[in-house]
Protein chains: 4
Amino acid sequence: MQLPAENKPRWERRKDARPQELLAAALDLFVERGFASTRLEDVARRAGVSKGTLYLYFENKEELFKAVVRNSIVPVIGDAEVSIAAFEGHSADLLRQVIQNWWQRIGATKASGIVKLVMAEAGNFPELAQMYQEEVVTRGTMMIRGMLERAIARGEFRPVDVVQMTQVLMAPMLTLVTWKHSVGPCARAELNPDAFLATFLDMALFGLLPVDSRARPAA
Amino acid sequence: MQLPAENKPRWERRKDARPQELLAAALDLFVERGFASTRLEDVARRAGVSKGTLYLYFENKEELFKAVVRNSIVPVIGDAEVSIAAFEGHSADLLRQVIQNWWQRIGATKASGIVKLVMAEAGNFPELAQMYQEEVVTRGTMMIRGMLERAIARGEFRPVDVVQMTQVLMAPMLTLVTWKHSVGPCARAELNPDAFLATFLDMALFGLLPVDSRARPAA
Amino acid sequence: MQLPAENKPRWERRKDARPQELLAAALDLFVERGFASTRLEDVARRAGVSKGTLYLYFENKEELFKAVVRNSIVPVIGDAEVSIAAFEGHSADLLRQVIQNWWQRIGATKASGIVKLVMAEAGNFPELAQMYQEEVVTRGTMMIRGMLERAIARGEFRPVDVVQMTQVLMAPMLTLVTWKHSVGPCARAELNPDAFLATFLDMALFGLLPVDSRARPAA
Amino acid sequence: MQLPAENKPRWERRKDARPQELLAAALDLFVERGFASTRLEDVARRAGVSKGTLYLYFENKEELFKAVVRNSIVPVIGDAEVSIAAFEGHSADLLRQVIQNWWQRIGATKASGIVKLVMAEAGNFPELAQMYQEEVVTRGTMMIRGMLERAIARGEFRPVDVVQMTQVLMAPMLTLVTWKHSVGPCARAELNPDAFLATFLDMALFGLLPVDSRARPAA
DNA sequence: AATGAATGAGCCTTCATTCAT
DNA sequence: CATGAATGAAGGCTCATTCAT
């Protein structure tokens with residue numbers, strides 16, 4: 001009870017750690033196999049617990065998935081919002097930073113699998129689609145749109161249709177993760193995310209900067 | 001065909017049409033519900049045959065799916081290759097034409113559902129991924145890359161990393177169909193394919209044309 | 001193939017016979033174990049088919065149960081209605097006949113188990129309760145009430161509250177089947193349906209006939 | 001209770017009350033949902049304790065149920081036995097009193113739910129059936145039979161088969177509670193316990209009193 | 001060639017019971 | 001005494017695939 005600093009709070013850690021352990025296992029398997037094909041029994045086993053234990057922490061498969069999204073994607077959006085709001089430099093640099101940040105925290109991590117998965121399976125699970133739409137897509141879209149509006153207002157980007165351009169800017173990143181998790185393993189080498197993003201940024205900035213600032217800020 | 005009035009049983013007359021009818025039904029349902037959620041019984045019923053008949057023409061669900069891909073996507077690639085090879089005008093116009101053509105024959109049709117589907121489920125069906133990679137992705141990529149090389153060689157586009165730019169150019173179109181078939185139904189209005197493509201083309205051409213041809217060819 | 005008149009229409013009989021075989025098996029098991037505790041796999045096994053086959057003929061467990069009710073109880077009601085409408089003698093004899101008929105066709109058969117089961121489990125399965133109420137209880141009640149009204153109109157029974165008396169007359173029969181299928185197996189001997197019904201009829205007729213016809217019709 | 005201001009932890013103070021609280025919670029839920037559908041976790045929650053605590057007081061679900069029966073039904077039988085033994089008036093009045101008393105203490109209370117429950121689920125839980133048979137049915141039956149024998153011996157009822165008549169007299173009361181807890185909620189209005197019991201008593205007494213005492217005692 | 005009845009493995013979810021703390 | 005996290009068996013339902021006719 002009052003042993004020295006040997007502390008073996010094994011029992012306590014269990015309960016608090018379980019949700020995270022389960023979410024980690026679920027993330028792995030959802031990314032590996034998709035939503036429909038992931039068996040809860042496998043999630044439980046990977047977390048080292050029994051099937052029933054899952055239901056102590058998550059009401060059902062869909063809620064588990066939502067929790068994974070809230071755990072792995074939503075916080076990144078929040079951070080990005082803060083980061084953008086605080087940015088003070090040139091919008092071209094902001095765009096670069098946002099994309100790089102997205103790649104580091106989502107694109108290059110397992111979370112990218114969730115992004116891809118939602119696009120792949122949302123059609124069959126409307127409730128998931130709606131939750132994702134509300135908590136991720138809408139916020140993410142607003143973020144990018146705000147960035148564009150700031151850039152145009154400051155005269156740093158030429159005037160464009162911000163609504164459409166927002167989507168145009170997001171599209172390549174989404175395709176990137178989609179490739180990564182579908183044909184990626186088949187397309188040997190061809191898929192080089194860093195070069196892809198650099199090329200995309202190059203073209204986008206070239207396409208967005210006003211003609212008179214052709215001397216674009218270096219990458 | 002022109003036999004006397006012996007009128008054979010209907011089913012025999014349609015022997016050759018069967019596969020096409022089945023493929024059409026399968027296309028419809030795969031697009032509507034995805035691969036896993038499509039029941040072969042429904043495919044059969046929509047084609048007006050019984051479940052067992054499907055197995056006379058296709059070994060199993062996966063083979064049926066491959067056949068659908070070969071039937072709905074591959075031919076379009078062939079036509080596009082011919083069309084590009086024959087083109088003689090300015091590369092900006094060629095790019096416009098290719099994208100418009102793609103939208104008319106794939107993006108706006110049911111075939112777009114297959115494109116999305118493959119990206120969604122390829123991960124779970126490696127064999128499918130490989131077949132798609134070989135018969136669709138590689139050929140499509142080569143086509144776009146060739147177009148870029150022609151444009152740069154003729155001095156109509158500024159020099160860029162053609163390998164990456166090829167992918168950058170394809171990405172928005174893929175995301176477009178993915179959206180159309182996943183969050184599309186959720187995102188009310190926000191998704192306007194024509195405006196999206198126009199904005200994308202605008203940015204891409206602005207980003208690709210040499211600085212001195214800023215007076216871009218009108219759309 | 002062209003054997004003599006050995007006719008082995010095994011295959012055809014199968015399909016037509018299946019529903020009845022399944023209903024018989026379901027009746028057995030529902031009566032033995034109740035609705036909730038009956039496993040569809042057991043029903044299937046008892047009918048000599050696999051679990052999936054059940055679902056070719058019945059949408060789900062509740063529909064199977066409804067079918068059992070419609071198969072084993074409802075027709076008896078119909079017959080009784082006809083029989084009562086055609087009866088021309090003294091109402092005391094009619095009452096005797098109805099009760100005896102009920103005992104022969106329901107009380108003494110497996111169908112009695114269904115009657116008991118509905119009373120036992122209706123609370124947990126509202127849809128079943130409603131169907132039973134509509135197709136059995138209401139019709140049965142109307143039948144008995146009509147009989148009472150006839151008897152009173154003809155001066156063969158003394159005037160009573162027909163609504164309540166209808167229920168009073170049905171109650172002992174329902175308790176009888178309930179006992180039979182619950183405590184019955186425990187109560188050694190004590191439960192003698194024939195003596196019970198005779199005693200009940202004796203009391204009921206003694207209680208229903210007008211005082212001046214105390215010379216009751218013999219049993 | 002009146003200890004100094006040492007105020008012990010709440011749970012210790014209530015140690016003796018626990019079983020009663022648990023039984024009350026169990027009674028509520030068993031009546032509401034039946035034996036099989038009642039979850040022990042709900043019982044525990046309603047009693048304000050944890051699931052594990054239940055097992056400190058009751059070995060398992062069946063034992064809990066038996067305890068509920070012993071707590072809510074058995075004592076009423078005891079009281080009734082005493083009350084009958086002490087009665088000195090006319091047997092018709094005794095029968096009325098017994099039935100009214102039963103209605104007040106069982107029929108109109110939650111205990112009626114237990115009576116119904118046993119009839120409904122005894123088949124699947126033989127041990128419950130036996131316990132109920134021994135501690136409730138047998139004693140109750142003996143009680144009524146004794147009453148009938150007294151009535152006949154005193155010439156207040158006409159001679160009948162007392163064994164069967166005992167059951168005939170109990171049957172409507174059992175059906176009443178069964179209805180109340182099954183189809184009751186479905187059958188709008190039709191079920192009026194007071195009118196039902198009055199009608200039943202009227203018929204029973206009319207059927208049991210000797211012909212020469214036709215001037216029956218008023219209700 | 002065509003049928004469609006039959007199969008049976010597969011998966012989500014529930015809940016009585018146990019036991020480490 | 002009390003807790004509540006953990007277990008794991010059980011069951012309804014689906015659907016790709018087979019095969020007797």
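To find a chain, count down the sequence lines: A is the first, B the second, and so on, and within it residues start at 1.
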May I have the distance from Phe58(A) (atom CZ) to dT14(E) (atom P), rounded to whole angstrom?
15 Å

Given the structure, check if the side chain of Lys51(D) and the base of dT17(E) hold any donor-acceptor pair shorter than 3.5 Å.
yes

Value in whole Å for how far the P atom of dC15(F) lies from CG of Asn124(A)
11 Å

If you define the side chain from C-beta out and look only at heavy atoms, does anything of Val69(A) sit under 4.5 Å from Glu135(A)?
no

To the nearest Å, how far apart are Leu22(B) CG and dA2(E) C1'?
12 Å

Verify the contact: side-chain N or O of Ser50(B) to OP1 or OP2 of dA2(E), cut-off strictly under 4.0 Å; return yes or no.
no

Between dT17(E) (P) and Glu41(D) (CD): distance, integer Å:
14 Å

For Arg39(A) and for Gly52(A), locate the closest nucleotide of DNA chain E by heavy-atom distance; then report the residue assigned to the nucleotide nearer the 5' terminus.
Arg39(A)

Between Arg45(B) (CZ) and dA5(E) (C1'), how many Å, whole number?
15 Å

dA2(F), OP1 or OP2 - any side-chain N/O from Tyr57(D) closer than 4.0 Å?
yes

Out of dT7(F), dA2(F), dT17(E), whichever nucleotide has its closest atom nearest the side chain of Thr53(D):
dA2(F)

Tell which nucleotide pairs with dA1(E), taking only Watson-Crick or G-U wobble pairs whose two distances are both under 3.5 angstrom.
none

With sugar-phosphate meaning primed atoms plus P, OP1 and OP2, does Leu56(B) contact a base, only sugar-phosphate, or nothing at under 4.0 Å between heavy atoms?
base

In whole angstrom, give the distance that lies between atom CG of Leu64(C) and atom P of dC13(F).
10 Å

Let me know, please, whether Gly48(A) or Phe35(B) comes out on the 5' side of the other along DNA chain F by nearest nucleotide.
Gly48(A)

Measure CG/Asp42(C) against P/dA10(F) and give the value in whole Å, please.
12 Å

Salt bridge or not between Arg46(A) and Glu32(A)? Use side-chain N to carboxylate O under 4.0 Å.
yes

Output yes when at least one side-chain N/O atom of Lys61(A) is less than 4.0 Å from OP1 or OP2 of dC12(E), else no.
yes

For Tyr55(A) and dA16(E), what is the distance between atoms OH and C1' respectively, to the nearest whole Å?
18 Å

Minimum-distance nucleotide (side-chain atoms of Asn60(B) versus dC15(E), dG12(F), dT17(F)):
dT17(F)

Distance, nearest 0.5 Å, that separates CG of Asp42(C) from CG of Asp28(C)
12.0 Å

Once rounded to the nearest 0.5 Å, what's the spacing between atom CD of Glu121(C) and atom NZ of Lys116(C)?
7.0 Å

Give none if dA20(E) has no partner; otherwise give the nucleotide forming a Watson-Crick or G-U wobble pair with it, both distances under 3.5 Å.
dT3(F)

Any strand: nucleotide that pairs with dC12(E) via Watson-Crick or wobble, under 3.5 Å
dG11(F)

Remember a base hit wins even if backbone is also touched, and classify Thr38(B) as base, sugar-phosphate or nothing at under 4.0 Å, heavy atoms.
sugar-phosphate

With nearest nucleotide decided by heavy atoms, which residue, Val49(D) or Glu62(B), maps closer to the 5′ end of DNA chain F?
Val49(D)

Below 30° counts as parallel, above 60° as perpendicular, anything between as tilted: where do the rings of Phe30(B) and Phe65(B) land?
perpendicular

Indicate yes or no: does Glu127(D) engage Lys66(D) in a salt bridge with an N to O separation below 4.0 Å.
yes

